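As the structure lists them, so they are numbered: ligands from 1, and atoms in each ligand from 1. Every heavy atom of this structure was used, including side-chain atoms; hydrogens, water molecules and symmetry mates were not. As the structure is a computational prediction, the values presented were derived from the model and not from experiment.
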Amino acid sequence: MKTLSSVKCFEGQQLQLQHESAALSCTMQFSVYLPPAAVAGKKVPVVYWLSGLTCTDQNFTTKAGAQRIAADLGIALVMPDTSPRGPQVPVDPDNSWDFGLGAGFYVNATQAPWKTHYQMERYVVDELPELVEAEFPLQPRRAICGHSMGGHGALTIALNHPNRYASVSAFSPIVAPSQCPWGRKALGHYLGESRESWLRYDTVALIRAGARQLPMLVDQGTADSFLAEQLKTDLLITACAEMGYKAQINYRDGYDHSYYFIASFIENHLKFHARHL
Ligand SMILES: N[C@@H](CCC(=O)N[C@@H](CS)C(=O)NCC(=O)O)C(=O)O
């Protein structure tokens, strides 16, 4: 593993790192924030952050303002990239921004040509934690949080691996990819046209199938231009109500899809995770 940058931030350390990923068969970059307690050698719990379409590990690192809060709470942050990268990784032939590079959807692809590299679920759940826990003073206690496609990633990963995560939260998540254009396009390519195989990566379907209860927090802006067509938060509210799944789901009046929204509520999310870690 190579350190690309290391910068002091709120008495802690903001790092960007590069490594060869076995799960993704390519070179990957990711970011880590170590709070002051970890810099002093104490083992701290971790919140993983999954970003949305078109993002890298840098969007959250530079725009969310999470480091001051993580420093105070004594929590490390780990920010992976949103897809495999590099010249050998297949891209969307149409060069669109909602599929392929920057749009891994946190699934393990089963279809050619995607399956060789697009294994983001394995990367986030297994490879990256092993790597960072071996390198830094991190406890195996983890929470997971994300935005949009990354909100979908956080929710589905936590619901599919409930023993690995103490809590889950999401900003503006795609709650039912089987029922929206972004999701149908991505899952159709990565998993094939059999919709049965999509349900493991669909939060609403997982809740309806009886997913185990985890502490869950969701925030959604009412002025988000993707809400009606792609995100469909009401489907999650209905599924949780019908299944008796206790989730805290808040509509936030006037907020849009941007990192300004994330910056406004990230403190709530990190404090929520700190209570469960
Ligand atoms: N590129 C798209 C927008 C994509 C978008 O909004 N991406 C969100 C996640 S779904 C994001 O976080 N973008 C990066 C940023 O705002 O820093 C467009 O131009 O309409």
Enumerate the pairs of nitrogen or oxygen atoms, one from ligand 1 and one from the protein, separated by less than 3.5 angstrom; state names and distance to 0.1 Å.
unit_1	atom_1	unit_2	atom_2	d
ligand 1	7 (N)	Leu53	O	3.1
ligand 1	17 (O)	Asn59	ND2	2.8
ligand 1	17 (O)	Lys63	NZ	2.6

Donor-acceptor pair between Asn108 and Arg200 side chains, under 3.5 angstrom: no
Gly74 versus Pro35, closest heavy-atom pair with distance: C-CG, 3.8 Å
Any donor-acceptor N/O pair, Asp94 side chain to Ser96 backbone, under 3.5 Å: no
Partner set under side chain to side chain contact (heavy atoms under 4.5 Å, CB included) for Pro137, not counting sequence neighbours: Ala38, Lys43
Ring centers of Tyr118, His189 separated by less than 6.0 Å: no
Audit row: Thr61, Phe30, side chain to side chain contact (heavy atoms under 4.5 Å, CB included) steps and yes/no: CA-CA 10 Å; Thr61 306; Phe30 66 98; over 6 Å; no
